[in-house]
Amino acid sequence: MINETPRVRFAPSPTGYLHVGGLRTALYNYLFAKHNNGDFVLRIEDTDRNRYVEGALENLLDTLEWVGLTPDEGPRQGGNYGPYIQSERLDIYKKYTDELVEKGKAYHCFCSPERLTELKESQRAAKLPQMKYDKKCLDLSKEEVAEKLANNESHVIRLNVEPGSKVIIKDIIRGHVEFDRNTIDDQVLIKSDGYPTYHMANVVDDHLMNITHVIRGEEWLSSTPKHILLYDYLGWEIPEFAHLPLLLNADRSKLSKRQGDVAVEDYREKGYLKDSLVNFVALLGWSAGDDKEFYYLDELTKAFDLNRVQKSGAVFNVDKLNWLNGEHIKNMSNEKLLPYLKLELDKSEFNSGDFDDEYLLKVVEAMKSRLTFYSDFIERSSYFFKAPESFDEDIVKKRWKKYSAEYLEKFIKAIETLENPGHDEFQDTLKKTAEELGVGNGQLIHPARLAVSGIGVGPGVFDLLAILGKEEVIKRIKTAIEKIK
RNA sequence: GGCGCAUUCGUCUAGUGGUCCAGGACACCGCCCUCUCAAGGCGGAGAUCACGGGUUCAAAUCCCGUAUGCGCUACCA
């Protein structure tokens with residue numbers, strides 16, 4: 001446990017959907033906060049009007065809600081957004097940039113984008129070690145600035161990085177990181193449209209919202225010195241930083257849409273459980289130090305430790321996610337699984353109302369250890385919901401022998417005498433029939449499975465028969481005998 | 001180009017100077033179980049700990065260099 005009660009924030013931009021990398025950042029923030037009885041706040045960084053996407057915010061809230069990372073504070077579903085949207089806080093940022101300008105720590109810049117591009121080009125051409133703004137507008141007198149402002153000249157406000165000692169970052173994950181002051185550019189704080197850049201809004205909000213720990217992706221490490229300078233110039237306390245390793249594609253580049261799904265909602269639609277997604281993503285860059293890999297959110301909360309977060313990026317490996325998904329399904333009770341089977345039925349050609357719970361529960365029990373996704377209920381065992389319309393040709397070739405029909409006919413004769421047979425009765429009857437025929441059990445088992453399910457894989461054949469029930473079994477075997485020649 | 005970060009089996013990782021000729025998990029292979037497929041159990045293969053120098057009686061672990069990868073270098077976040 002850390003000394004103070006932490007307040008952390010997850011601060012995404014509403015650019016369309018929640019990225020799995022964003023999910024990991026949100027999760028680590030949440031886990032850190034909850035492990036230490038702190039607060040997890042959600043703030044929306046929508047200061048880039050060009051990238052704003054309609055509906056993205058609601059989508060984000062919805063996805064966060066789905067995975068169970070409900071913020072303690074932040075915009076709420078349904079429009080009560082509160083003071084957590086940066087675009088609604090413009091005057092606040094203005095106030096503090098004015099203060100910086102007053103102190104000489106920031107200045108108005110009237111350079112056109114064209115001049116900036118030219119500057120960059122010439123610096124590049126001259127092979128200068130680094131490309132930075134040349135502070136031209138810093139030379140403007142107060143009067144000149146006032147005049148240009150009065151004329152409504154387009155301008156930005158820049159951070160005035162002055163020479164001085166190295167800027168030191170104390171990062172929980174990376175330790176000490178140093179930056180030479182002269183490598184830091186005079187960052188734009190307020191854009192010409194009056195909106196703040198990330199850097200300004202971020203520092204102001206983190207301070208005003210009493211954020212104690214800034215936990216964010218590694219891509220922010222390079223701009224952290226600018227933030228430190230801002231805290232310093234404003235006379236504010238600097239929060240703790242923790243820069244998280246990136247999530248990677250298989251080729252170790254930053255996780256991108258081109259190489260697979262990156263939106264949490266994509267995984268949701270594909271049928272991944274929130275539990276396995278959270279479990280998986282938590283393990284990408286963190287481990288408790290023991291061999292435990294199966295976690296629920298509350299267990300993660302208990303075990304999580306920011307100091308144990310990995311420094312290097314982690315490849316998003318779907319194989320392991322799939323495995324975890326199966327594990328989480330296996331760990332659910334039949335009763336808990338039942339509604340999901342019904343959902344899958346209703347999404348398919350079937351109707352959950354056509355089957356009673358007792359029957360479906362048996363299906364769940366039989367299929368549980370064979371699933372990777374809920375949808376496998378339908379894809380791998382539709383025979384529980386309708387008689388097979390065809391029979392797998394390879395299996396027919398392999399299992400349906402010359403005398404199979406004859407054997408099965410004897411088998412159903414024997415079944416017909418039974419009353420409400422279950423697993424054991426089917427088993428005894430089949431064995432007895434095989435014995436009378438003088439053949440191995442397999443001579444009946446395999447054709448029976450094929451006849452009843454149409455395929456060659458699935459739960460134990462006696463379970464299969466017991467679940468389907470006597471009448472259905474007899475009917476299906478008769479049909480199969482007709483159809484398979 | 002500059003600045004910064006990183007580097008242990010294919011992948012996720014354990015490991016914080018001796019117990020490591022490196023442990024676990026996924027994937028892969030084999031065996032057992034078995035009516036099939038899974039699940040489960042057992043086992044195998046797979047890492048000269050990026051490379052090169054140091055420090056030390058002793059280094060995956062500490063230091064320096066090199067290489068490679070990645071991030072940033074926007075009036076995007």
Side-chain angles (χ1 to χ4, degrees), chain A residues 11-13 15 45-48 50-51 109 111 113 116-117 120 123-124 127-132 154-158 169 171 173-174 177-180 182-185 187-199 201-202 216-225 243 245-246 248 250-254 280 283-294 310-324 326-327 330 367-372 376 380 395 398-399 427 430 440-450 453 455-462 464:
Chain A
S13 296
T15 51
E45 313 234 326
D46 61 341
T47 56
D48 185 355
N50 300 319
R51 293 216 300 173
C109 172
C111 290
L116 262 19
T117 323
K120 206 140 275 178
Q123 285 174 338
R124 199 195 312 275
K127 291 205 190 281
L128 252 45
Q130 47 194 307
M131 292 166 284
K132 294 196 302 178
S154 176
H155 67 280
V156 300
I157 297 177
R158 284 180 185 277
I169 301 170
D171 190 280
I173 295 166
R174 281 150 220 285
V177 184
E178 297 185 347
F179 288 85
D180 237 312
N182 58 30
T183 64
I184 305 171
D185 201 0
Q187 183 60 236
V188 169
L189 264 20
I190 300 286
K191 299 178 258 188
S192 57
D193 63 4
Y195 280 70
T197 55
Y198 169 86
H199 310 282
N202 193 261
R216 68 215 326 183
E218 190 192 342
E219 68 268 28
W220 294 109
L221 189 56
S222 311
S223 39
T224 305
H243 287 94
L246 262 19
L248 273 22
D251 66 359
R252 306 207 72 87
S253 57
K254 192 171 162 180
F280 174 64
L283 261 19
L284 251 27
W286 172 84
S287 82
D290 53 25
D291 290 339
K292 186 173 163 71
E293 297 206 275
F294 183 90
Q310 205 76 11
K311 290 183 175 75
S312 52
V315 173
F316 192 94
N317 176 216
V318 182
D319 276 343
K320 192 144 189 177
L321 210 208
N322 290 343
W323 170 73
L324 268 174
E327 289 297 298
K330 258 172 255 158
M367 290 304 295
K368 208 161 139 176
S369 68
R370 277 163 255 263
L371 306 177
T372 301
D376 290 337
R380 291 153 99 139
I395 303 299
K398 194 173 162 198
R399 303 291 195 187
Q427 186 170 39
L430 185 139
N441 296 337
Q443 293 299 310
L444 280 169
I445 286 173
H446 297 297
R449 166 189 302 288
L450 178 64
S453 74
I455 57 178
V457 301
V461 91
F462 304 118
L464 205 50

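Chain identifiers are assigned alphabetically (A, B, ...) following the order of the sequence lines, protein sequences preceding nucleic acid strands; residue numbering begins at 1 within each chain. In this text, all values refer to a predicted model and were calculated from it rather than measured experimentally.
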(request) Report, as yes or no, whether the 6.0 Å neighbourhood of atom NZ on K292(A) holds more than 12 heavy atoms from other residues, nucleotides or ligands. (result) yes
(message) Starting the side chain at C-beta, find the nucleotide from C5(B), U11(B), G40(B) nearest to V177(A).
(response) C5(B)
(request) On RNA chain B, check which nucleotide each of V457(A) and D180(A) is closest to and give me the residue with the more 5' one. (result) D180(A)
(request) Indicate, with a heavy-atom threshold strictly under 4.0 Å, whether P12(A) touches base, sugar-phosphate, or nothing. (result) nothing
(message) So does V188(A) get a backbone contact from the side chain of T197(A), meaning a donor-acceptor N/O pair under 3.5 Å?
(response) yes
(request) Measure from the side-chain heavy atoms of F462(A) and tell me the nearest of C35(B), G40(B), C26(B). (result) C35(B)
(request) Classify the side chain of S369(A) versus the base of A38(B) as yes if they form a donor-acceptor pair under 3.5 Å and no if they do not. (result) yes
(request) Select base, sugar-phosphate, or nothing to describe what K132(A) touches, counting heavy atoms under 4.0 Å on all strands. (result) nothing
(message) I need the minimum non-hydrogen distance between T47(A) and K191(A), along with the two atoms involved.
(response) O-NZ, 2.9 Å
(request) Look at the side chain of Q310(A) and decide which nucleotide, out of C75(B), A14(B), C35(B), has an atom nearest to it. (result) A14(B)
(message) From C-beta outward on V461(A), which listed nucleotide comes closest to its side chain: C35(B), G4(B), G24(B)?
(response) C35(B)
(message) Using atom P in both nucleotides, what's the gap between A77(B) and U66(B) to the nearest angstrom?
(response) 36 Å
(message) Nearest whole Å is fine: how far is C37(B) P from L450(A) CG?
(response) 15 Å
(request) Take atom C1' in C29(B) and the same atom in C9(B), then report the distance between them in whole Å. (result) 16 Å
(request) Please measure how far the C1' atom in A22(B) lies from the corresponding atom in U8(B), and state the result in whole Å. (result) 8 Å
(message) Could you tell me how far apart I169(A) (CD1) and A6(B) (P) are, to the nearest whole angstrom?
(response) 12 Å
(message) Using only modelled atom types and a 3.5 angstrom limit, is any donor from either the side chain of R449(A) or the base of C35(B) paired with an acceptor on the other?
(response) yes
(request) Quote, to the nearest angstrom, the C1' distance that separates U48(B) from C21(B). (result) 10 Å
(message) Tell me whether the side-chain N or O atoms of R252(A) pair up with the base of C70(B) as donor and acceptor below 3.5 Å, since no angle test is needed here.
(response) no
(message) Please report the distance separating the C1' of A25(B) from the corresponding atom of A50(B), rounded so that it comes out in whole Å.
(response) 24 Å
(message) In this structure, how many angstroms lie between the C1' atom of C35(B) and the CG atom of L464(A), rounded?
(response) 11 Å
(message) Among A77(B), C37(B), C5(B), which nucleotide has an atom closest to any side-chain atom of E219(A)?
(response) A77(B)
(request) Among the candidates U36(B), A27(B), A14(B), find the nucleotide nearest to the side-chain atoms of D319(A). (result) A27(B)
(request) Would you indicate which nucleotide in C75(B), A77(B), A39(B) comes nearest to any side-chain atom of K330(A)? (result) A39(B)
(message) Looking at T183(A) and C3(B), is any side-chain donor or acceptor paired with a base atom of the opposite kind under 3.5 Å?
(response) no
(message) Using the side-chain heavy atoms of W323(A), tell me which of these nucleotides is nearest: G1(B), U13(B), A25(B).
(response) A25(B)
(request) Keeping the roles fixed (side chain from D180(A), backbone from N182(A)), state whether a donor-acceptor pair exists under 3.5 Å. (result) no
(request) Would you please say whether a donor-acceptor pair under 3.5 Å links the side chains of S312(A) and R252(A)? (result) no
(message) Measuring from the side chain of P129(A) (C-beta onward, heavy atoms only), which nucleotide among G2(B), A74(B), C70(B) has the closest atom?
(response) G2(B)
(message) What contact category does L246(A) fall into here, base, sugar-phosphate, or nothing, at under 4.0 angstrom with non-hydrogen atoms?
(response) sugar-phosphate
(request) Using heavy atoms to find the nearest nucleotide of RNA chain B for L284(A) and H446(A) separately, return the residue whose nucleotide is more 5′. (result) L284(A)
(request) Using whole Å, report how far CG of D193(A) lies from P of C75(B). (result) 12 Å
(request) In whole angstrom, give me the gap between the C1' atoms of C20(B) and U16(B). (result) 14 Å
(request) Taking only the side-chain heavy atoms of L221(A) (C-beta and beyond), determine which of G4(B), C12(B), C75(B) contains the nearest atom. (result) G4(B)
(message) Would you measure the distance from the C1' atom in U61(B) across to the matching atom in U55(B) and give it in whole Å?
(response) 13 Å
(request) For G23(B) and G4(B), measure between their C1' atoms and round to the nearest Å. (result) 33 Å
(request) Determine the minimum heavy-atom distance between W220(A) and H199(A), stating which atoms define it. (result) CZ3-CE1, 4.5 Å
(message) I'd like to know if K320(A) reaches the base of A25(B) with its side chain such that a donor and an acceptor end up less than 3.5 angstrom apart.
(response) yes
